[in-house]
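To find a chain, count down the sequence lines: A is the first, B the second, and so on, and within it residues start at 1.
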Amino acid sequence: MPLTHPETYLADLNDAQREAVLTTEGPLLVIAGAGSGKTRVLTHRVAHLLAACGVEPSEVLAITFTNKAAGEMRERIESMLGPVARAIWILTFHAACGRILRREAPRLGYRSNFTIYDQADQIRLVKQCLEELERDPKRFVPRGIHAQISNAKNQLVGPEEYAARVASFYDQTVADVYGLYQRRLFASNAVDFDDLLMLTVDVLARFPEARERWAKTFRYILVDEYQDTNYAQYELLKLLTGTHGNLMVVGDPDQSIYAFRGADIRNILEFERDFPGTRSIALEQNYRSTNHILGAANAVIAHNRERKEKRLWSELGAGEPVHVVELEDEHAEARFVAAEIAGLVELGYSRREIAVVYRTNAQSRVLEDVLVRQGIDYQVIGGPRFYERAEIKDALSYLQVIDNPYDAVSLLRIANRPRRGLGDTSLARLQSFADGEGISLWEALGRAEEAGLALASLRAAQSFRSLLQSSMAGALDMTVSEVVERTLERSGYLEALEAERTIEARGRIENLEELVGVAREYEDAAEEPSLSSFLQEVSLYSDQDALRDDDGSGQVTLLTLHNAKGLEFRAVFMIGVEEGIFPHSRSVEEGGVEEERRLCYVGMTRAKERLTLTHASRRSLYGRSDANLPSRFLDELPREGVERERLAPASWSGYGARREIAPRAEVPVLSTGDNVRHHTLGAGIVTRIEADGVVTVRFEDGAERRLMLEYAPLERI
DNA sequence: CCCGTGGACGCCCCA
DNA sequence: CGTCCACGGG
């Protein structure tokens with residue numbers, strides 16, 4: 001039974017928030033400015049539905065933007081209501097569609113254990129299609145073709161419809177590839193990210209009994225970050241809510257930053273028209289930032305023409321002025337930010353309360369160098385991802401094939417990994433045999449002698465196939481983590497790595513061990529653990545989800561503006577605020593400046609107390625040094641509450657540098673391969689030593705860090 | 001079939 | 001400046 005009562009959870013809401021929570025029936029649009037407590041509204045509203053309206057947990061569908069946001073929401077609801085929260089579907093669009101599709105896939109001819117291809121797999125497949133169609137890969141760049149296909153899918157335009165609309169030779173090629181690409185996916189029993197949405201809409205639109213079942217299941221649907229939904233998601237919501245209309249969406253048009261992947265800001269602007277009878281509520285009180293920060297953010301976003309007027313206000317006082325600082329170049333910028341961070345830490349800020357945000361991932365590199373030298377712990381969100389590492393993808397490909405042998409992309413990936421004498425020529429022979437016979441690559445593998453493989457390759461193919469077959473049989477009565485371990489051993493993959501006897505190989509083994517750990521965690525958490533659902537879950541895991549709540553004194557967070565959405569920090573540094581970088585030159589060319597401005601608004605409103613924007617007068621890009629003008633967004637800042645300064649090198653060099661942190665008296669003597677411990681980063685292994693006292697350590701989480709031996713709290717273990 | 005190397009090309013953001 | 005991929009020698 002619910003442990004909570006309306007009078008307790010309604011008490012900590014303001015009037016607008018309370019109204020949003022209590023409006024349970026019919027379409028509801030909540031325009032929630034940055035920091036206005038929308039998560040609180042969402043969680044309280046779910047709690048209210050369950051605790052006071054007699055709604056069952058299984059009747060609620062709550063859509064969030066990331067898995068991490070979903071987890072947080074679930075946690076908060078659980079703390080209010082107890083374990084009933086676990087039964088609620090709180091998921092991303094993609095995860096929710098994945099689950100629906102698992103049950104409905106047979107209607108479309110897919111099996112329910114379909115594989116989800118990530119971006120790399122998708123591009124690979126596009127490339128294969130281009131090769132098969134014999135199109136010039138110079139003229140038709142796989143990445144570009146893929147982007148076209150992805151856009152089409154977000155608009156729910158299937159291959160036939162696309163082909164019918166062709167207007168140029170380039171389009172024709174896209175259409176041809178699109179058709180072949182879908183056939184290849186289907187034959188592999190695989191879907192891509194966009195298919196999750198498109199196919200779910202397809203199945204609900206074409207099979208009324210399916211639609212009715214799901215619409216009846218989810219009597220209450222809540223959607224967070226509605227401003228970033230695309231057409232397919234909009235259609236999905238219409239299909240699911242058509243009968244009851246109990247759809248609540250929360251969003252902020254000023255924070256719409258995903259047009260490049262199909263998000264359509266009109267979804268939120270026209271919600272009232274699309275869903276007649278909508279009640280609209282605006283949340284304009286900001287509980288996060290001081291007024292100088294809000295004033296600056298408001299002034300910038302006011303320059304957008306396509307927007308609804310909205311003004312955030314806060315009771316948190318004027319606060320510190322916003323700082324705009326011009327530096328010599330990107331190195332000076334990085335040193336300045338590092339020095340400022342050191343100063344804030346002295347003021348009592350925890351490193352985890354500080355973030356540096358930038359437009360593109362590449363900008364983190366220079367900063368990382370300086371932070372390492374200064375001994376400032378940091379974490380980068382969005383660098384090379386765990387699940388994109390070669391060894392992890394290899395291991396997952398094994399699992400994919402064991403789960404779904406028709407998955408040709410994964411099968412090709414692991415066919416010769418580890419080396420078993422089944423090279424490109426043999427695989428090409430098998431592939432063309434499969435195409436000729438109209439069978440899958442997996443089936444062709446079973447008829448390798450007919451495909452005309454050389455004797456050695458034939459043997460390799462046969463033993464590879466029997467290895468997979470016995471793994472498939474074994475997978476039926478093993479836990480997921482056991483399957484992972486056994487597969488890595490029996491395939492010889494681990495053995496091959498061990499035989500390398502290099503530090504790199506050892507790091508890979510550690511990463512694979514981490515994957516086993518992930519599988520164990522999954523087993524503990526999942527209601528009905530299975531290999532299929534494990535793979536699907538992992539396929540939808542994102543970067544932001546990896547943002548860890550670290551311990552100890554914390555780490556400074558480095559992340560892109562996109563990744564910063566939904567987060568907040570006491571102090572925020574926004575770097576590289578220059579024309580060409582931010583707004584990005586390509587956005588300027590393509591008329592996307594308003595979206596860039598929204599991105600700027602998102603970044604600024606992450607700051608609670610201190611906001612610093614920096615730009616460099618010179619910056620090297622592509623190895624060439626260029627002069628950039630300050631960003632137009634800086635011109636749009638108000639006069640009041642903003643302080644501008646220009647720092648010549650001499651005026652601050654040395655400021656905040658080494659004297660903040662004294663070198664250690666005793667420096668450990670290390671050599672490559674030593675096991676070490678860092679007081680916040682944990683245990684790791686030394687992979688490289690440089691002459692100037694810089695050591696590279698690979699930590700247990702797989703991350704490699706360059707550390708100054710003299711300053712980094714490293715000890716040998 | 002494997003591995004090393006040099007040249008071309010790229011930096012936007014992502015579930 | 002890096003990285004990734006294609007090609008050619010072993």
Side-chain angles (χ1 to χ4, degrees), chain A residues 63-70 91-98 116-120 122-124 127 137-138 141-144 146-147 150 153-154 191-197 225 228-230 232-233 256-263 330 357-366 369 381-382 384-385 387-388 390 415-428 454 456-457 460 536-546 559-565 576 580-590 592 595-596 598-600 602-603 619-626:
Chain A
I63 302 284
T64 57
F65 201 70
T66 62
N67 292 305
K68 179 172 184 278
L91 300 165
T92 63
F93 266 109
H94 290 84
C97 286
I116 300 168
Y117 281 176
D118 70 9
Q119 175 131 337
Q122 293 167 34
I123 304 240
R124 247 171 124 105
K127 211 166 147 192
K138 293 247 158 53
V141 185
R143 211 185 144 90
H146 175 260
S150 174
K153 288 184 175 182
N154 287 327
V191 304
D192 66 18
F193 277 130
D194 303 311
D195 280 340
L196 287 171
L197 296 166
E225 308 284 7
D228 283 318
T229 51
N230 61 32
Q233 290 161 339
S256 168
I257 55 174
Y258 282 98
F260 72 90
R261 72 169 203 223
E330 74 271 23
V357 297
Y358 36 79
R359 179 65 232 272
T360 69
N361 275 312
Q363 286 170 262
S364 73
R365 181 180 253 124
V366 181
D369 281 348
I381 307 300
R385 310 170 188 198
Y387 289 98
E388 285 172 8
N416 204 27
R417 240 173 269 184
R419 309 257 131 89
R420 52 170 68 90
L422 199 54
D424 289 344
T425 34
S426 303
L427 287 170
S457 310
Q536 296 203 4
E537 196 165 293
V538 162
S539 306
L540 297 172
Y541 202 80
S542 83
D543 243 18
Q544 213 186 52
D545 305 331
L559 73 182
T560 63
L561 287 152
H562 283 88
N563 269 322
K565 189 168 80 159
I581 291 179
F582 190 32
H584 194 274
S585 51
R586 230 157 102 184
S587 302
V588 177
E589 286 159 25
E590 292 164 11
E595 174 145 318
E596 296 283 299
R598 291 192 291 268
L599 197 50
C600 185
V602 167
R619 177 179 301 270
S620 45
L621 217 69
Y622 287 112
R624 202 177 59 240
S625 176
D626 281 317

Original post:
With a 4.0 Å cut-off on heavy atoms, is A/Tyr258 in touch with a base, just the backbone sugar-phosphate, or nothing at all?
Top reply: sugar-phosphate
Original post:
Is the side chain of A/Glu596 donor-acceptor paired with the backbone N or O of A/Ser587 at a distance under 3.5 Å, no angle test?
Top reply: no
Original post:
B/dA15 P sits how many Å from A/Glu537 CD, rounded?
Top reply: 16 Å
Subject >> Sugar-phosphate only, base, or nothing, as touched by A/Asn416 at under 4.0 Å among non-hydrogen atoms >> reply: sugar-phosphate
Subject >> Nearest to side-chain heavy atoms of A/Arg261, which nucleotide of B/dC11, B/dC14, B/dC12 >> reply: B/dC14
Original post:
Is any side-chain nitrogen or oxygen of A/Asn563 closer than 4.0 Å to OP1 or OP2 of B/dC14?
Top reply: yes
**OP:** Please check the phosphate of B/dC12 (OP1 and OP2 only) for any side-chain N or O of A/Arg359 closer than 4.0 Å.
**Re:** no
Subject >> Nearest-Å distance for atom pair NZ/C1', residues A/Lys68 and B/dA15 >> reply: 16 Å
**OP:** Return no unless some side-chain N or O of A/His584 is found under 4.0 Å from OP1 or OP2 of B/dC12.
**Re:** yes
**OP:** Classify the nucleic acid contact of A/Gln363 as base, sugar-phosphate or nothing, counting any heavy atom under 4.0 Å across all strands shown.
**Re:** nothing
Original post:
Quick one: A/Phe193 CZ to B/dA15 C1', roughly how many Å, whole number?
Top reply: 5 Å
Original post:
Is there a side-chain polar atom (N or O) of A/Thr560 under 4.0 Å from OP1 or OP2 of B/dC12?
Top reply: no
Original post:
Do A/Leu91 and A/Leu540 come close enough that some side-chain heavy atom pair is under 4.5 Å?
Top reply: no
Original post:
Between A/Phe65 and A/Tyr258, what is the ring plane arrangement, given parallel below 30°, perpendicular above 60°, and tilted in between?
Top reply: tilted
Original post:
Once you round it to whole Å, what is the distance between P of B/dC13 and CD1 of A/Ile381?
Top reply: 15 Å
**OP:** Have a look at A/Ser426 and say if it touches a base, only the backbone sugar-phosphate, or nothing, with a 4.0 Å heavy-atom cut-off.
**Re:** sugar-phosphate
**OP:** Could you verify whether a donor N or O on one side chain and an acceptor N or O on the other, from A/Thr360 and A/Gln363, lie under 3.5 Å apart?
**Re:** yes
Original post:
Taking side chain as C-beta onward, heavy atoms only, is A/Ile63 less than 4.5 Å from A/Gln233?
Top reply: no
Original post:
Among the nucleotides B/dC12, B/dC11, B/dC2, which one has an atom lying closest to any side-chain atom of A/Arg419?
Top reply: B/dC2
**OP:** May I ask you to check whether A/His584 and A/Phe260 place their ring centres under 6.0 Å from each other?
**Re:** no
**OP:** Give a yes/no answer on whether the side chain of A/Asn361 brings an N or O atom under 4.0 Å of OP1 or OP2 in B/dC12.
**Re:** no
Original post:
B/dC11 and C/dA6: how far apart are their C1' atoms, nearest whole angstrom?
Top reply: 22 Å
Original post:
Between A/Arg619 (CZ) and B/dC11 (P), how many Å, whole number?
Top reply: 18 Å
Subject >> Residue whose nearest DNA chain B nucleotide is more 5′ - A/Ser457 or A/Ser585 >> reply: A/Ser457
Subject >> Ring centroids of A/Phe260 and B/dC14 base under 5.5 Å with planes under 30° >> reply: no
Original post:
Is a salt bridge present between A/Arg261 and A/Asp228, judged by a nitrogen-to-oxygen distance below 4.0 Å?
Top reply: no
Subject >> nucleotides 1-10 of chain C: protein proximity per nucleotide (B base, S sugar-phosphate only, - neither; heavy atom, under 4.0 Å) >> reply: BSS--S----
Original post:
How would you list, by chain and number, every residue that makes a salt bridge (Lys or Arg N to Asp or Glu O under 4.0 Å) with A/Arg619, sequence neighbours excluded?
Top reply: A/Glu333, A/Glu578
